[in-house]
Protein chains: 2
Amino acid sequence: MAPKPAAPPDERTTRERILDIAIELFIEKGYDKTSLREIAERLGFSKAAVYYHFASKDDILLALHLRLHDLLREALAGLGEPDATADMWPLLLDGLIEGLIANRQLFVMHERNRAAFEQLHDKRHHEGDHEDLEGQLRGVLADHTVPLPTRVRMACSLGAVISGVMMAGDAFADVPSAELVAILRGAMNDLLGAAALAR
Amino acid sequence: MAPKPAAPPDERTTRERILDIAIELFIEKGYDKTSLREIAERLGFSKAAVYYHFASKDDILLALHLRLHDLLREALAGLGEPDATADMWPLLLDGLIEGLIANRQLFVMHERNRAAFEQLHDKRHHEGDHEDLEGQLRGVLADHTVPLPTRVRMACSLGAVISGVMMAGDAFADVPSAELVAILRGAMNDLLGAAALAR
DNA sequence: GTCTATATTTCGATAGAC
DNA sequence: GTCTATCGAAATATAGAC
């Protein structure tokens, strides 16, 4: 997941640079409390210039939503067939961990602005395509053909990974990624392994 | 934790009723996108009346912050001595689970408005008391005298419980609380038990 | 305690020059 | 592609009557 194009620091599109700054500010102050003026100023130009690259403020959030979506698409590709998902869950989660770490900022931003993203989703609801990722996830977790304990542990494992990764730039700031990944994999095994689910 | 006073539905203070409605709306639309006019209308009176009970919009969020704080204070009382905390963690978490479920709405609201709460915290930072709960938590997780794998699993377990509980009104809507609690306790044991930490 | 104004501010968004 | 200037909307907060 997420090889991350990682273009040379100065060959980034203006559009991309706006999004990068937006992530920073949306983490610091939150989406709603961040004005387009602030984004523009931090980039060294004016508000109107931002409007040349994005039709609206929502449009910026939407673009970030798409970044998230693209990153998760590969890792969660298996969410199509609800039956098989439970079995694939450990692998699915495994593929997720490294992507989460590599794009930590983006996911932290999402964590801290859930309400704003949900509102965005409601707007799209009245429009086109419905490849609602979060909805699919809920569907899997609500699937009654899978034993309840398994489903609960699936939900837990997801929260556990996210929580562990979010601390990576904080309480675990000095921990090498590889080490963190190894520990997380171990924890996920205890949570989802055959031995655990057989109980 | 959280015996929850649960006053008779109609003997609630107007102030309390405002807070209840605020929780609802902050979940539905988010803190920033919710206007005081909406809160007032849903209660059947006008915006100015709300200002009689709360000095500002921030003041409403602050009151909700205190509700959260009071609920967590008991459960996380052990966070005082950083050394002993790692040992007590399983018990600490155990005490948390039921409180989280009993006051799910409040915690969901917090989850979806993290940015707003953080901003609130920054303001208090320039003022009085510093019994910063979230800060203490970070301190414990950063404590280098505790083995890294243990700390990571502590962070994971917290995220796991929260994630599991949040789904309670959603994908696990039809699951009895007692059953959910039992499964969560089992999962936490696998994540934090002596066998797991000895690995 | 609750109401009807109203003051004030800020922000998203647009128009049009360069 | 970026600027200055401005419009219009909405929200917080206040004043003062009842």
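Note that these values count all heavy atoms, side chains included, but never hydrogens, waters or copies made by symmetry. In what follows, chains carry the letters A, B, and so on, assigned in the order in which the sequence lines appear, proteins first and then strands, with residues in each chain numbered from 1.
Rounded to whole angstrom, the span from the CZ atom of Phe45(B) across to the C1' atom of dT4(C) amounts to 16 Å. Between His53(B) atom NE2 and dA13(D) atom P the separation is 16 Å, expressed in whole Å. Between the P atom of dA10(D) and the NZ atom of Lys57(B) lies a distance of 15 Å, rounded to the nearest Å. The interatomic distance linking Arg37(B) (CZ) with dA11(D) (P) rounds to 6 Å, in whole Å. When the P atom of dT2(C) is taken as reference, atom NZ of Lys47(B) falls 16 Å away, rounded to whole Å. Atom CZ of Phe54(B) is separated from atom P of dT14(D) by 15 Å (rounded to the nearest Å). The interatomic distance linking Leu61(A) (CG) with dG12(C) (P) rounds to 12 Å, in whole Å. Here the C1' atom of nucleotide dT2(C) and the CD atom of Glu41(B) are 15 Å apart, to the nearest Å.
Here the side chain of Ala49(B) is nearest to one of dC3(C), dG12(C), dA13(C), namely dC3(C). Among the nucleotides dA13(D), dC3(D), dA15(D), the one closest to any side-chain atom of Ala48(A) is dC3(D). Here dC11(C) is the nucleotide among dC11(C), dC3(D), dA13(C) with the atom lying nearest to any side-chain atom of Ser35(A). You'll find that the side chain of Thr14(A) is closest to dT2(D), out of dA11(D), dT2(D), dA13(C).
Test Arg112(A), Lys29(A), Arg42(A) against Glu24(A) for salt bridge (Lys or Arg N to Asp or Glu O under 4.0 Å) and you get one pass: Arg42(A).
Put simply, Tyr52(B) has no side-chain N or O that comes within less than 4.0 Å of OP1 or OP2 on dT2(C). Close to dC3(C), at under 4.0 Å from its OP1 or OP2, lies a side-chain N or O of Ser46(B).
Residue Ile18(B) holds its CD1 atom at 11.0 Å from CG of Leu64(B), rounded to the nearest 0.5 Å. The CG atom of Asp32(A) sits 4.0 Å away from atom CG of Asp32(B), with the distance rounded to the nearest 0.5 Å. Atoms CZ and NZ, on Phe26(A) and Lys33(A) in that order, are 13.5 Å from each other to the nearest 0.5 Å.
Heavy atoms of Tyr51(B) sit under 4.0 angstrom from at least one base atom.
Taking the centre and axis of the six-membered ring of Tyr51(B), the NZ or CZ atom of Lys57(B) falls outside the cone set by 45° and 6.0 Å.
Heavy-atom nearest nucleotides on DNA chain D were determined for Ala55(B) and for Lys33(B), and the one closer to the 5' end corresponds to Lys33(B).
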